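When a ligand or atom number is given, it counts from 1 through the structure's own listing order. Treat the numbers as computed from the prediction; the structure is a model and nothing was measured. Note: hydrogens, waters and symmetry copies are ignored here, and every other heavy atom, side chains too, is used.
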Amino acid sequence: MRLLLIEDDTQLREQLQEGLLNNGFVVDSAADAQTGLYFGREFDYDAAIIDLGLPEMDGIELIQRLRSEERVFPVLVLTARGDWHEKVKALNAGADDYVVKPYQLEEVVARINALVRRAAGLAKSALRFGPLHVDFSAKRLTLSGKPIELTAYEYKLIEYLIIHAGKVVSKAELTEHLYAQDHDRDSNVLEVFVRRLRQKLDPEETLNPIETVRGQGYRFELKVDS
Ligand code: CA
């Protein structure tokens, strides 16, 4: 998942960016609202993390600008302890949730994951598709109760497809949301990953969890158990 991080404090920004990278996110970061606004207009993000206290344009104005331009990705704000006015203003401006500084990385990651799932209409942190079970918080999939060994990249790929289940996800979208900018973006590499993922998720070839939509991309096709 690709995140936009806007925080003017260099140390906090670098720490948070590194922590998010270690948790499998792709992160574009900016030190000021103007740069953040530019990124938010140009690229498609799964969520943004915005510090409220930014120089020149503050976080609340940035959120208002993004929302007025129909940028609807979930926004988590970083705010100072006890500053309830700021939290209310941020939520009213279109933010979805907040964490109070000093925060724990685990809390930021859990909130971002929950916001992204909820934005996709998924309130639960685990889903069952027949014999296939996914636990988003543990980042684990099982097939008929047996754990499926996935690399970090394979997990990111299947997580993205499941969150967008039923929709065609293009190769370009997958590349944009799963790879850091300097990464190898060859679409043949993606095809190899999808093939490997299919073998792991569906070794008997009875489920067909990932459908190829010719000329368009991939679609996760399994129906969630009610
Ligand atoms: Ca700040």
Chi angles and distances behind the ring pair (Phe, Tyr, Trp, His ring centres under 6.0 Å) call for Tyr45, Phe39: CA-CA 9 Å; Tyr45 291 99; Phe39 280 144; 7.1 Å; no
With a cut-off of 3.0 Å, does any N, O or S atom of [X] fall short of it relative to the Ca ion (ligand 1)?
| X | value |
| --- | --- |
| Glu7 | no |
| Asp8 | yes |
| Gly53 | yes |

Looking only at N, O or S atoms, which one in Asp51 sits nearest to the Ca ion (ligand 1)?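 Looking only at N, O and S atoms of Asp51, the one nearest the Ca ion (ligand 1) is named OD2.
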Please check if atom NZ in Lys167 has more than 12 non-hydrogen atoms from other residues, nucleotides or ligands closer than 6.0 Å.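 Buried by this count: over 12 neighbours within 6.0 Å.
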Using a cut-off of 6.0 Å, state whether more than 12 heavy atoms not belonging to Glu204 lie near its atom CD.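 No, not enclosed.
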Between Lys156 and Glu159 (salt bridge meaning N to carboxylate O under 4.0 Å), is one present in this structure?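 No salt bridge links Lys156 with Glu159.
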